Participant: 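My questions all concern the structure below.
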Amino acid sequence: MTVGTARSADSGLVERADEMLGIEATLDEVAESGAGRMVIVQGPAGIGKTSLLNAAGTAARRRGYAVLAARGNELQQEFGWDLVLGLFERVQAESTEIVRATPAAALAVEMLASEQLMPPEAQSGEYAMLHSLLWLTNHLASRQRLMLVVDDLHWADQSSLRYLAYLAQRIDGMPVVVLAAARPGAATLERSLSMMVESPAAMVRVLRPLSPEGVSEMLAGALGRPQDAATVARCHELTLGNPLFVRELSRELAGAGNTSGVQAVLSDSVPGIDRYVMRQVGRLPKSSRDVIEALSVLGDQCAVNRLALVVDQPVMTVLEALSVLQVGELVRGTGEPRKYSIAHPLARAAIYRALPDLTRVELRARAAAVALQHHEIDQAAAHVLLLPPGAASFEISGVLAEAAHRSMVRGSTKGAVAFLRRQLDEDLGIERQDVLVRLAMAEVATNDPRSQQDLADALANATDPEQRTMLTIALVATMFDTPDRGLALLKAILDAAHELTDSDRFAVEAFRTLFVHLAATKLDLDSLLRGLELLPTDRSFGGRALDIEIGLMRYFRANRPAALERVARGMEDDTLFADPRAEFAVGSAWHVMLGCDAPELLGSLDRAIQYGRSVGSARVLGVAHCYRSGLMLAHGNLHEAIEDGEVSWETCRVTEADGRLLWIGNYLMQALVAAGDVRKADSIRQELKRDRPPLASPIEADGEITVLIAQRRIDEALAAIEEARRGCERLGIRNPVFTDWRSHLVRCLHLRAEDDEARAIADENLSLAREWGTPAGVGSALRTLATASETDELRIEILREAERLLATSSARYELAQCQFELGDALRRVKHVADARRYLQSSLELAEVCGAKPLRSQAISTFRLIGVRPVTSTRLGAGSLTPGEIRVAQLAAEGMSNRDIAQSLFVTVKTVEVHLGNTYRKLGIRQRRELGQALTV
């Protein structure tokens, strides 16, 4: 049995050579290419993640990187942006220069410099902060290659996690390496981590336990001599190869003394970190124990004067105690003046868990009081949050209320929920109702499952009519899966109509209209609509919402003039964009306008996106980008349909607005299939299927069925078609453009050679499309009918009519498909000249649309007729997409790519792609030619 004396050794990087080589290779790759990467190191507690991060930071500095580091704090998880504040703390002194060089970083700089995070009127502005932080990161990386090191990612606050997820999707355009360490299985991390690793620029490295050879190396380094095989084997068995456990066990061995003491240590049961740490703490003098116990409550980076106040000892006494702790490697000090932290998070957690309840509460109460003396509301609230009611000598409710307000102003609504819920535990008296209402509305904004119960409790106690109406509408909005319950609530509030303002009454009627449509107990919706349509016009919020919902119902029933008239009244100006109550109404209006081919839709969406950017509203941006994706898909601008769809998808996932994902996914799947990325479309389909809410079947049906048909999974496609048919029937939806299940059914039946049945469905589909009356709708239905035609001559005749109609619409991709099918049909009957003309037109349009599969089909068909196609793309400003036009106009005005990216909330890489496409389509080579080319 060989044992020696303990000595200091860097044991953290034993058997980590492969991981370090991988990180160093990433640093070199980013330095050479300028394309950023994210590396996430995963492993259980004590496995050596922190040591690896420290070594990586040293390697980055040697390569000329600026290194910014921070770690998640378990006690600060409720505070929005806590980790970000630590990460960028050092840049505060440069705020003026940063804002001058990169105006888009101003909001982030303001947060870092003053903690006046956002004006109250921009409480929905977390998206603006994400964008601003991205540009702050970009600015820092433009001066010097940048490495962001994040330890204990599993303890990071949600807002900071969303920033890292947002950065991961855009990091390839800047020389930045993000290195983060996390324990696996943390529930708070799961969603954001999945978004990070989805980025092509991200990779995950899992740290494995040490082998017996690695344990032997660590023991030799720590004890000063190699150990015999039996000792190594027993140590490996006890520690399971965990480096932290090996280190602590070596301390035990070094202090064991004689052979019998060593044998006692090695014969012990499998130890835990708590036992290791508490044995060390038990050997400390009382003053050092008091200090380390206080540090376990106060957290990292604690100033000695603050520590002295909490333990109620002179500063010099505390410094002496800290010296003892540093010698024992239990505490580390950093910076000047020194700030102190317990050396390892596991040690801190062990000491904190071992505190008697009374000691823990007393230390928290003193820490909160000291923070308040220094006007540090966030720090005080972090401690108050964990205090039982009545445990503090000061008034707790006000601290929690202020912390909740600050969280809302930051855009961290989940943090506000935590503080408001804790505030309810206090004796609030008559203020309780107001706090409960604030809590319930914050829970609604975060999709908290407790919102229904809290809204119901608040509603039961509400006496003010306006508050009752507001709470009723908010509660009903959580009941889309139980519409009959929602109807009962709405009836109750309408029974007290004398207490309602006109706007509130109209708003309630708007919800009642929607819930009658959804309810299983069918009421006479048509009679209800006729009665509501007789009400006088009202320009209030409620009146506009009612107009839009009436328009939506008329849209479902295929009455296009009535639908468009009502929606136009509701959306006659842009005032609804700013009203958070109007989210569903505005989305409904855009949906109707999209189905009606309303020319006003693009302008409305662009203005909404501009508004959303100006206030940083993820709510507005998520919905507007969703419907702009649908519009770009309808117009055949596939690249932009995907771009807008991905922005909306990411925005809604980052803000956990999962209810919108079905709508976004529907457009994204169709656009991706048309662009040739069936695999990615199918991944979206599978994600949507995993967590699909009730009543969802018609919403994403077009996208799902399109993917399945593209994969030739016809049986599954037919099952999805039948589900969509039943859903539309249940909801009374006759409009063929809402879900085009009939066209999909015709194609599936045709693939199965069941053309007689297919023709009957196609005839019905065409009849409904003619009733709806848009050129795109009728042209598409004619294409469907042609699919099942009995003869080539009849097919050509139908396709010619479809082509004439589609040529008058904005549906370029639909037109390109029709022209290809017409050209192919003409080829079959040997009309080569006509076939060539339509195939050439289809090829050119497919190129403009970005429809790679259709382009390949057209080229293959040209080969069948023995003719080489002309592969040049149509030129001219008319071929530019709306996104390309926006970028080109700003470039023509003299803005740099960087400035354009900041203005449009996109990356520089996106700007470069749009400009490259624009130059090619306009036939120009230089930026200065843009102005003239755009006017031609």
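All values below come from the heavy atoms of this structure, side chains included, with hydrogens, waters and symmetry mates left out. No experiment lies behind these values; they were computed from the predicted model shown.
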Participant: One pair to check against salt bridge (charged side-chain N to carboxylate O under 4.0 Å, His left out): Glu198 and Arg653. What are the steps and the verdict?
Facilitator: CA-CA 12 Å; Glu198 283 172 8; Arg653 287 188 67 194; 2.8 Å; yes
Participant: First locate atom OH of Tyr166, then atom CG of Leu130, and finally report the distance between them rounded to the nearest 0.5 Å.
Facilitator: 6.5 Å
Participant: Looking only at heavy atoms, which two atoms of Ile664 and Gly645 are closest? And how far apart?
Facilitator: CG2-O, 3.3 Å
Participant: Got Leu179 and Leu148 here, is their nearest side-chain heavy-atom distance under 4.5 Å?
Facilitator: no
Participant: Under a 4.5 Å cut-off applied to non-hydrogen side-chain atoms, are Ile609 and Leu621 in contact?
Facilitator: yes
Participant: Restricting to salt bridge (Lys or Arg N to Asp or Glu O under 4.0 Å), what partner residues turn up for Arg421, sequence neighbours left out?
Facilitator: Glu443, Asp454
Participant: Check whether Asp157 reaches the backbone of Asp82 with its side chain - one donor and one acceptor, N or O, closer than 3.5 Å.
Facilitator: yes
Participant: Tell me whether Thr413 contacts the main-chain N or O of Met408 through its side chain, where contact means a donor paired with an acceptor under 3.5 Å.
Facilitator: no
Participant: Any idea which heavy atoms bring Ala165 and Ser192 closest together, and the distance?
Facilitator: CB-O, 4.0 Å
Participant: Got a donor-acceptor contact below 3.5 angstrom from the Ser648 side chain to the Asp644 backbone?
Facilitator: no
Participant: A side-chain contact here means heavy atoms from C-beta on lying under 4.5 Å apart; do Leu661 and Trp649 qualify?
Facilitator: yes
Participant: Would you sort out whether Glu15 and Ser211 count as a side chain to side chain donor-acceptor pair (under 3.5 Å), showing the intermediate values?
Facilitator: CA-CA 8 Å; Glu15 295 189 337; Ser211 67; 2.4 Å; yes
Participant: Partners of His914 by ring pair (Phe, Tyr, Trp, His ring centres under 6.0 Å), sequence neighbours excluded?
Facilitator: His639
Participant: Testing the basics here: between Pro853 and Ala675, what is the closest heavy-atom pair and its distance to 0.1 Å?
Facilitator: CD-C, 3.7 Å
Participant: With side-chain contact (heavy atoms from CB on, under 4.5 Å) as the test, would you mind laying out the steps for Glu650 and Arg170 before giving the verdict?
Facilitator: CA-CA 12 Å; Glu650 181 194 23; Arg170 297 159 176 80; 2.5 Å; yes
Participant: Give a yes or no answer on whether the side chain of Thr478 reaches the backbone of Leu475 with a donor-acceptor pair at less than 3.5 Å.
Facilitator: yes
Participant: On the ring face of Phe88, is Arg90 found with NZ or CZ under 6.0 Å from the centre and within 45° of the axis?
Facilitator: no
Participant: Hey, what do you get for NE2 (His139) to OG1 (Thr102), rounding to the nearest 0.5 Å?
Facilitator: 5.0 Å
Participant: Checking Thr706 against Arg685 for the side-chain contact (heavy atoms from CB on, under 4.5 Å) test, could you report, in this order, the C-alpha distance in whole Å, the side-chain angles of both residues, the deciding distance, and whether it holds?
Facilitator: CA-CA 10 Å; Thr706 298; Arg685 183 189 69 83; over 6 Å; no
Participant: Okay, side chain of Thr137, backbone of Leu133: is any donor-acceptor separation there less than 3.5 Å?
Facilitator: yes
Participant: So, for Tyr163 and Val84, which heavy atoms are closest and what is the spacing to 0.1 Å?
Facilitator: CD2-CG2, 3.8 Å
Participant: Kindly write out the residues that satisfy ring pair (Phe, Tyr, Trp, His ring centres under 6.0 Å) with Tyr667, not counting sequence neighbours, or none if the list is empty.
Facilitator: none
Participant: How close do Ala681 and Val707 get, heavy atom to heavy atom, and via which atoms?
Facilitator: CB-CG2, 3.7 Å
Participant: Would you say Leu140 and Gln144 make side-chain contact, with heavy atoms under 4.5 Å?
Facilitator: no
Participant: For the atom pair CG (Leu638) and CG (Asp677), what is the distance rounded to the nearest 0.5 Å?
Facilitator: 12.0 Å
Participant: Would you say Tyr65 and Val30 make side-chain contact, with heavy atoms under 4.5 Å?
Facilitator: yes
Participant: So, do Met196 and Leu161 sit near enough that their side-chain heavy atoms are less than 4.5 Å apart?
Facilitator: yes
Participant: What distance separates Leu439 CG from Asp448 CG, expressed to the nearest 0.5 Å?
Facilitator: 8.0 Å
Participant: Run through His625, Lys680, Gln169 and flag the one making a side chain to side chain donor-acceptor pair (under 3.5 Å) with Glu646.
Facilitator: Lys680
Participant: Is it the case that the side chain of Arg145 and the backbone of Arg63 share a donor-acceptor pair, with hydrogens and angles ignored and the cut-off at 3.5 Å?
Facilitator: yes
Participant: So does Gln301 get a backbone contact from the side chain of Ser341, meaning a donor-acceptor N/O pair under 3.5 Å?
Facilitator: yes
Participant: Among residues at least two apart in sequence or on other chains, which ones pass side-chain contact (heavy atoms from CB on, under 4.5 Å) with Ala477?
Facilitator: Phe511
Participant: Under the criterion side-chain contact (heavy atoms from CB on, under 4.5 Å), I'd like the reasoning laid out for Gln42 against Leu193: C-alpha separation, chi angles, the key distance, then a yes or no.
Facilitator: CA-CA 11 Å; Gln42 282 192 313; Leu193 184 61; 3.3 Å; yes
Participant: Applying side-chain contact (heavy atoms from CB on, under 4.5 Å), run through Glu583 and Arg660 and close with a yes or a no.
Facilitator: CA-CA 11 Å; Glu583 179 181 340; Arg660 301 191 201 115; 2.5 Å; yes
Participant: Using a 4.5 Å cut-off on heavy atoms from C-beta on, say whether the side chain of Ile684 contacts that of Leu672.
Facilitator: yes
Participant: For Asp152, what residues pass the salt bridge (Lys or Arg N to Asp or Glu O under 4.0 Å) criterion, not counting sequence neighbours?
Facilitator: Arg71
Participant: Looking at Trp135, I'd like to know if the NZ or CZ of Arg898 sits under 6.0 Å from its six-membered ring centre while staying within 45 degrees of the ring's axis.
Facilitator: no
Participant: Please check if the side chain of Ser199 supplies one atom and the backbone of Met195 the other of a donor-acceptor pair under 3.5 Å.
Facilitator: no
Participant: What's the verdict on salt bridge (charged side-chain N to carboxylate O under 4.0 Å, His left out) for Asp682 and Lys689, showing C-alpha distance, side-chain angles and the deciding distance?
Facilitator: CA-CA 10 Å; Asp682 190 54; Lys689 294 289 278 189; over 6 Å; no
Participant: Do Arg205 and Arg16 make a side-chain contact, defined as non-hydrogen atoms from C-beta onward lying under 4.5 Å apart?
Facilitator: no
Participant: With rounding to the nearest 0.5 angstrom, report the CE to CD1 distance, Met669 to Ile705.
Facilitator: 9.5 Å
Participant: Below 4.0 angstrom, N of the basic side chain to O of the carboxylate: do Lys49 and Asp151 qualify?
Facilitator: no
Participant: Is the backbone of Arg613 close enough, under 3.5 Å, to the side chain of Ser617 for a donor and an acceptor to pair up by distance?
Facilitator: no
Participant: Keeping the roles fixed (side chain from Arg37, backbone from Ala201), state whether a donor-acceptor pair exists under 3.5 Å.
Facilitator: yes
Participant: Hey, what's the ring geometry for Tyr627 with His591, parallel, tilted or perpendicular (30° and 60° as the breaks)?
Facilitator: perpendicular
Participant: Quick one: list whatever passes side-chain hydrogen bond (donor to acceptor under 3.5 Å, both in side chains) with Thr651, sequence neighbours left out.
Facilitator: none
Participant: Shortest non-hydrogen contact from Gly43 to Pro184?
Facilitator: O-CD, 3.4 Å
Participant: Within this structure, what is the OG1-NE2 distance for the pair Thr739 and His744, rounded to the nearest 0.5 Å?
Facilitator: 8.0 Å
